[in-house]
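Protein chains get the first letters and strands the later ones, always in sequence-line order, with residue 1 at the start of each.
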Protein chains: 2
Amino acid sequence: MGTTQLESVPEPKYWHLRTVLSEALDSEFEVGEILPNERDLAARFGVARATLRQALEQLELEGRLQRRRGVGTTVAPPRVGVAVGTPDHTWPGTADDAWQPADCRLAAPPAAVADALETDRDEPVHTVRRSRVSHGQPVAAELLYVPPASVPELTAIDAPSGPARARAVLRELQRGDLERQESAVELGSAGADDAKELDRLPGAPVLVVTTRYLAGGRTAALSVATYRADTCRLTFGESGDVQIHHGPQTQAS
Amino acid sequence: MGTTQLESVPEPKYWHLRTVLSEALDSEFEVGEILPNERDLAARFGVARATLRQALEQLELEGRLQRRRGVGTTVAPPRVGVAVGTPDHTWPGTADDAWQPADCRLAAPPAAVADALETDRDEPVHTVRRSRVSHGQPVAAELLYVPPASVPELTAIDAPSGPARARAVLRELQRGDLERQESAVELGSAGADDAKELDRLPGAPVLVVTTRYLAGGRTAALSVATYRADTCRLTFGESGDVQIHHGPQTQAS
DNA sequence: TAGTGGTCTAGACCACTGA
DNA sequence: CAGTGGTCTAGACCACTAG
């Protein structure tokens with residue numbers, strides 16, 4: 001990071017700063033390397049700390065930086081591709097299962113979920129909580145809603161609750177033949193519980209993947225999964241791993 | 001918004017404020033209604049304007065609010081579902097074409113794009129710029145990279161450049177038989193040009209959809225599309241419109 | 001305990017919109 | 001023009017991590 005001054009330009013300081021830092025990251029830093037602390041960086045560029053932080057937030061949103069309280073700011077590795085489009089990676093129990101069941105409860109779901117499942121609003125459904133790990137890092141937290149009708153042979157004795165119960169539900173669910181799945185992706189922010197599971201602070205940006213599993217002409221299950229937006233790239237279809245995007249698009253015209 | 005004071009809680013003020021406002025939005029406001037201005041709101045809750053703004057930013061990220069400089073803050077309508085998983089909605093020229101070609105240039109693409117296309121890094125490719133409109137609002141800006149080999153019958157005479165040229169390229173491209181497509185979704189921020197096209201400020205959060213189109217065993221084209229993260233929900237597969245998510249996930253335990 | 005990022009304040013000025 | 005959100009400052013204190 002050679003120069004230490006910002007020219008006066010009509011664009012916001014924090015945006016210009018973002019660009020300068022981004023180029024510095026490309027040319028002068030290695031993945032995992034720690035940056036100078038925020039107070040030093042702000043002084044070096046002659047801006048207030050809040051302005052510097054605005055630039056860092058942008059870069060973190062783009063997956064270029066990783067910040068941890070009490071530790072520092074490090075250069076983030078490229079985002080990991082996470083397959084979500086094919087049943088292999090989400091329908092429970094398939095071979096390379098990166099999902100780890102955490103809990104299971106029987107309770108009435110949110111109204112919107114009940115509507116999508118076509119169950120009564122106060123009819124309890126199995127609610128499985130799972131977390132997904134990739135490359136040793138937690139990447140997603142999921143709530144899977146399974147109406148009792150989808151797991152008819154589930155015996156109450158298997159296990160009362162907890163991970164064992166969750167596995168029993170998933171095992172029974174998998175006996176059904178999945179026809180197809182429909183997904184939607186949108187931006188959201190992590191709630192307190194998801195944040196803890198994803199090792200982030202509350203409000204951290206997440207990609208919310210809502211998936212409806214269809215089997216036997218019915219909605220067999222419905223999943224709401226939150227993926228870390230800073231570290232994940234969601235892939236659909238054959239896991240063809242296209243890695244193109246890097247920073248805001250700029251078109252020389 | 002009845003109460004005007006925040007209790008002292010161990011959670012950040014802006015987060016608590018976000019929750020309070022979110023509930024107020026559900027119960028006391030209609031879509032399109034304008035909120036009091038930031039200075040009034042901050043005073044009403046007894047916090048600094050910056051803190052209030054942090055809460056509003058969260059809600060905007062979640063698609064609950066829409067803020068426009070010089071105008072005010074309004075309650076946003078639910079996100080619109082935008083189909084991106086099936087060729088019908090992205091492969092050029094299909095029936096219900098919501099895409100509007102804006103420009104076309106012949107130029108060497110970014111290195112990463114050239115690698116994915118399996119062309120030489122300095123080999124020029126057709127670069128089509130399109131924008132997608134839904135419900136009268138711009139929702140996406142796209143750069144479509146088409147190697148000359150994918151449009152062999154394109155005559156240089158059709159049109160030198162501009163929208164007409166873009167349409168010619170798309171028309172020729174469509175003559176190929178699309179086998180399948182692979183997509184990836186990640187979070188990004190809008191560059192200056194995308195931002196203008198999407199009617200947002202630079203740095204606005206976008207969902208970057210990178211798609212590789214396969215035809216005749218080759219990569220026929222590659223697209224990098226940026227969708228407004230605040231207003232869009234990307235749907236994959238049959239356009240089954242699951243609308244579940246609303247605010248951070250909270251699990252009563 | 002020293003150093004980091006996270007939160008919060010109270011101001012100021014700017015860029016933009018619409019009447 | 002008045003009013004809005006957007007940017008920026010210079011501080012302060014807190015929560016967390018690691019030696």
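Of the candidate nucleotides C:dC8, C:dG18, D:dC8, C:dC8 has the atom lying nearest to any side-chain atom of B:Pro12. Of the listed nucleotides (C:dT7, C:dG6, C:dG18), C:dG18 has the atom at the smallest distance from the side chain of B:Val71. Taking only side-chain atoms of A:Arg53, from C-beta outward, the nucleotide of C:dG18, D:dT17, C:dG6 with the closest atom is C:dG6. Comparing C:dC8, D:dC16, D:dG6 by their closest approach to the side chain of A:Arg69 singles out D:dC16. Among the nucleotides C:dT9, D:dT7, D:dA10, the one closest to the side chain of A:Ala48 is D:dA10. For B:Lys13, taking side-chain heavy atoms from C-beta onward, the closest of the listed nucleotides D:dT17, D:dC8, C:dC8 is C:dC8.
Environment of CG in A:Asn37: crowded, with over 12 heavy atoms of neighbouring residues, nucleotides or ligands closer than 6.0 Å. By the 6.0 Å contact criterion, CG on A:Asp199 is open, its count of non-hydrogen atoms from other residues, nucleotides or ligands being 12 or less. Around CZ of B:Arg68, the count of heavy atoms belonging to other residues, nucleotides or ligands within 6.0 Å does not exceed 12.
Using a 4.0 Å heavy-atom criterion, one finds that B:Leu56 contacts no nucleic acid atom at all.
Using a 4.0 Å cut-off, some side-chain N or O of A:Tyr14 falls inside it from OP1 or OP2 of D:dT7. At the phosphate of D:dG3, neither OP1 nor OP2 sits under 4.0 Å from any side-chain N or O atom of B:Asn37. Close to C:dT4, at under 4.0 Å from its OP1 or OP2, lies no side-chain N or O of A:Thr73. Side-chain nitrogen and oxygen atoms of B:Arg68 include none within less than 4.0 Å of the OP1 or OP2 phosphate oxygen of D:dT4. For B:Thr51 and C:dT7, the shortest distance from a side-chain N or O to OP1 or OP2 is not below 4.0 Å.
Remark: P of C:dA10 and CZ of B:Phe45 are 17 Å apart, rounded to the nearest angstrom. Here D:dA15 presents its P atom at 14 Å from CD of B:Glu11, a figure rounded to the nearest Å. Rounded to an integer number of Å, the gap from CD1 of B:Ile34 to C1' of D:dG5 is 13 Å. The CG atom of B:Leu201 sits 9 Å away from the C1' atom of D:dG5 (whole-angstrom rounding). Straight-line distance from the NZ atom of A:Lys196 to the P atom of D:dC16: 11 Å, rounded to whole Å. The CZ atom of B:Arg67 sits 16 Å away from the P atom of C:dT17 (whole-angstrom rounding). One atom, CD of A:Glu38, and another, C1' of D:dC16, lie 14 Å apart when rounded to the nearest Å. Spacing between atom CG of A:Leu52 and atom P of C:dT7 amounts to 16 Å, rounded to whole angstrom units.
Ring geometry for A:Trp99 against A:Tyr227 counts as perpendicular: the plane angle is over 60°, on a 0 to 90° scale with 30° as the lower cut.
On a pure distance criterion of 3.5 Å, a polar donor-acceptor pair joins the side chain of A:Arg39 and the base of C:dG5. With hydrogens and angles left out, the side chain of A:Arg49 and the base of C:dG6 share a donor-acceptor pair within 3.5 Å.
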Q) Given pairs defined as Watson-Crick or G-U wobble with both distances under 3.5 Å, what dot-bracket annotation applies to DNA chain D, with ( ) intrastrand, [ ] crossing, | other strand and . unpaired? A) ||||||||||||||||||.

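B:Val128 pairs with exactly one of B:Asp103, B:Leu144, B:Leu143 by the side-chain contact (heavy atoms from CB on, under 4.5 Å) rule, that one being B:Leu144.
Taking every heavy atom of both residues into account, A:Leu222 and A:Ala116 meet most closely at CD1-CB, 3.4 Å.
Two residues are said to be in side-chain contact when any heavy atoms from C-beta on lie closer than 4.5 Å; A:Gln66 and A:Pro77 meet this criterion. Using a 4.5 Å heavy-atom threshold, the side chains of A:Lys13 and A:Phe45 count as separate.
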